[in-house]
Amino acid sequence: MGNNLTMDMLVSLCKRRGFVYQSSDIYGGLSSAWDYGPLGVELKKNIQEFWWKEMTRLHDNIVGIDAAIMMHPRVWEASGHVENFTDPLVDCKKCKQRFREDKLPDENRKSKKCPDCGGELTDSRQFNLMFKTFMGPVEDGGNLVYLRPETAQGIYVNFRNVVQTSRVKVPFGIAQVGKAFRNEITTKNFIFRTCEFEQMEMQYFIAPEEDDKWFEYWKKERWEYYNKLGIRQSKLRFHQHGPGELAHYAKDAYDIEYEFPMGWQELEGIHNRTNYDLSRHTEFSGKDLAYLEEGTNKRFIPFVIETSAGLTRTVLTVLSDAYEEQDVAEGDTRVVMHFHPIIAPVKLGVFPLVKKDGLAELAQKVELDLRGDFATFYDHGGAIGRRYRRQDEIGTPYCVTIDYQTKEDNTVTLRYRDSMEQVRIKIDAIPEFIRKADKEYRREK
Ligand code: GAP
């Protein structure tokens with residue numbers, strides 16, 4: 001069967017199986033806002049945990065923080081976001097739709113005609129992407145706060161706190177996962193670009209003269225990370241930012257791009273932010289953010305290599321990459337999600353072959369005993385083949401079936417999602433078997 005994945009196919013699966021729903025659905029929906037359902041929230045949490053482990057616990061010099069979303073408004077003046085974090089927008093005078101001028105097709109940009117209705121477009125204006133709100137009961141300028149458009153600034157303003165309290169020494173990193181908000185003009189690409197999203201960012205503080213070395217190091221690490229996450233390498237590529245693309249803080253930047261159903265798009269940015277942010281916060285706060293190097297007594301403002309991945313965008317990547325429609329037998333097809341087992345929302349399905357003769361009770365006991373170790377799902381509804389298909393469609397990597405032989409010798413059949421092969425193993429051996437299979441997992445090409 002063809003595998004020309006479209007965004008509509010993904011949206012439909014996500015809704016049908018409870019990965020992602022349109023926000024405020026019963027009110028007609030809020031465009032570009034999405035809610036994560038029972039399976040989506042597990043998938044997102046598993047990706048976040050995997051990133052956290054890879055970026056903090058597996059390094060001896062990277063620590064985490066969790067900063068507040070709302071920060072002092074001066075932070076955003078210092079960071080340059082008040083001045084520079086803008087998109088050029090145009091409005092259609094006829095249908096009133098708003099577009100990003102730099103994303104319009106060439107012909108529409110030149111002719112100043114609306115791509116939807118052909119109406120006349122206004123001149124472009126710079127529009128700041130930060131959401132504003134007011135802290136406290138009075139809505140005046142003195143109470144203005146922004147919802148953070150990146151998590152990175154929460155790390156920079158805590159640089160001094162972390163250096164003083166956690167014995168880290170340059171080079172070291174601070175990692176954070178959290179919500180970010182941008183008042184974007186979103187296109188119809190599901191959770192790819194939303195106004196509210198989550199980022200997984202790590203800022204690596206280094207001696208200025210070592211920036212090239214660490215930039216290359218993190219480019220390699222982050223590429224390898226997607227390999228470990230099970231993303232097909234043929235669907236990934238690097239894109240270096242040209243001078244016109246570089247953010248206001250960056251000296252050099254590479255995107256890791258993924259080939260989504262709508263084409264190649266950014267998944268993660270790796271940036272050499274120099275000492276721009278710490279210098280600006282030194283200037284605007286009046287606090288000295290220089291680092292004193294032990295031994296040499298050299299004082300300097302560290303450079304920063306940033307790795308910035310979208311968590312919600314990684315969910316879309318993982319969903320797109322996992323989806324396959326397969327012909328499995330004459331006239332029989334299945335949808336299978338090839339999630340890497342370490343992030344699958346359900347790790348193990350447990351079924352009795354039939355409900356009678358005590359098999360259901362036995363299967364329930366097996367499932368209960370495994371709950372502490374794995375995300376399990378018990379199912380006795382319908383033919384066994386249908387139960388397997390339902391788990392394939394949500395990417396459950398292993399299913400065990402309890403049958404009459406189980407009563408005799410305490411063995412079960414364990415079925416692999418990708419190959420559909422079955423092996424017979426002892427009930428006691430299930431946890432170890434799964435841990436080993438997880439480690440050895442390789443997606444078939
Ligand atoms: N701190 C640097 C920074 O924020 P960015 O390239 O603007 O850099 C980093 O964003 C990542 O955050 C992107 O690669 C993308 O994965 C994610 N991201 C950015 N804007 C997003 C949006 N509107 N919706 C979903 N994810 C977004």
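Counting convention: from 1, in listed order, for ligands and their atoms alike.
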Is the Y276 ring parallel, tilted or perpendicular to the H248 ring (thresholds 30°, 60°)? perpendicular
For the pair F190 and W34, name the ring-plane relationship: parallel under 30°, tilted 30 to 60°, perpendicular over 60°. perpendicular
Numbering the atoms of ligand 1 from 1, which are under 4.0 Å from a heavy atom of F192? 24 (N), 25 (C), 26 (N)
Atom indices of ligand 1 within 4.0 angstrom of E201 heavy atoms, with elements: 1 (N), 2 (C), 3 (C), 4 (O)
Counting only heavy atoms, which portion of T314 has something under 4.0 Å from ligand 1: side chain, backbone, both, or neither? neither
Which ligand 1 atoms, with their elements, are less than 4.0 angstrom from a heavy-atom of E184? 20 (N), 22 (C), 23 (N)
Show which atoms of ligand 1 fall inside a sub-4.0 Å distance from at least one heavy-atom site of E306. 1 (N), 2 (C)
Residues at least two apart in sequence or cross-chain that pass side chain to side chain contact (heavy atoms under 4.5 Å, CB included) with T296, listed by chain then number, are E293, K298
State whether the shortest distance between N or O atoms of L267 and N or O atoms of ligand 1 falls below 3.5 angstrom. yes
Measure the distance from atom 24 (N) of ligand 1 to every protein heavy atom, then report the residue, atom name and distance (to 0.1 Å) of the closest one. T194 N, 3.0 Å
Please work out, at 4.0 Å between heavy atoms, whether the side chain, the backbone, both, or neither of R273 comes within that distance of ligand 1. side chain
Under 4.0 Å from any heavy atom of E268, which atoms of ligand 1 are there? 14 (O)
Under-4.0 Å heavy-atom contact with ligand 1, by part of Y249 that carries it: side chain
Less than 3.5 Å between some nitrogen or oxygen of G310 and one of ligand 1, yes or no? yes
Among all protein heavy atoms, pick the one closest to atom 18 (N) of ligand 1 and tell me residue, atom and distance. F197 CE1, 3.5 Å
Taking the inter-plane angle between the rings of Y156 and H281 on a 0 to 90° scale, is it parallel (under 30°), tilted (30 to 60°) or perpendicular (over 60°)? tilted
Any idea which protein heavy atom is nearest atom 6 (O) of ligand 1, and the distance to it? E266 OE2, 3.0 Å
Hey, can you tell me if F238 and Y254 have their rings parallel, tilted or perpendicular (30° and 60° cut-offs)? perpendicular
Can you confirm whether E294 is buried at CD, in the sense that more than 12 heavy atoms of other residues, nucleotides or ligands lie under 6.0 Å from that atom? no
Any nitrogen or oxygen of H271 lying under 3.5 Å from a nitrogen or oxygen in ligand 1? Just yes or no. no
Among Q199, M200, E150, R182, closest by heavy atom to atom 7 (O) of ligand 1 is R182
Which class fits the ring pair H241 and H239: parallel under 30°, tilted 30 to 60°, perpendicular over 60°? tilted
Side chain, backbone, both or neither: the part of R193 lying under 4.0 Å from ligand 1 by heavy atom: both
Please confirm whether R17 makes a cation-pi placement over F19, using NZ or CZ under 6.0 Å from the six-membered ring centre and within 45° of the ring normal. no
Pi-cation contact, F284 with R74 (under 6.0 Å, within 45°): no
Pairs in or reaching into residues 108-130: which pass ring-ring contact (aromatic ring centres under 6.0 Å, His included), with residues at least two apart or in two chains? none
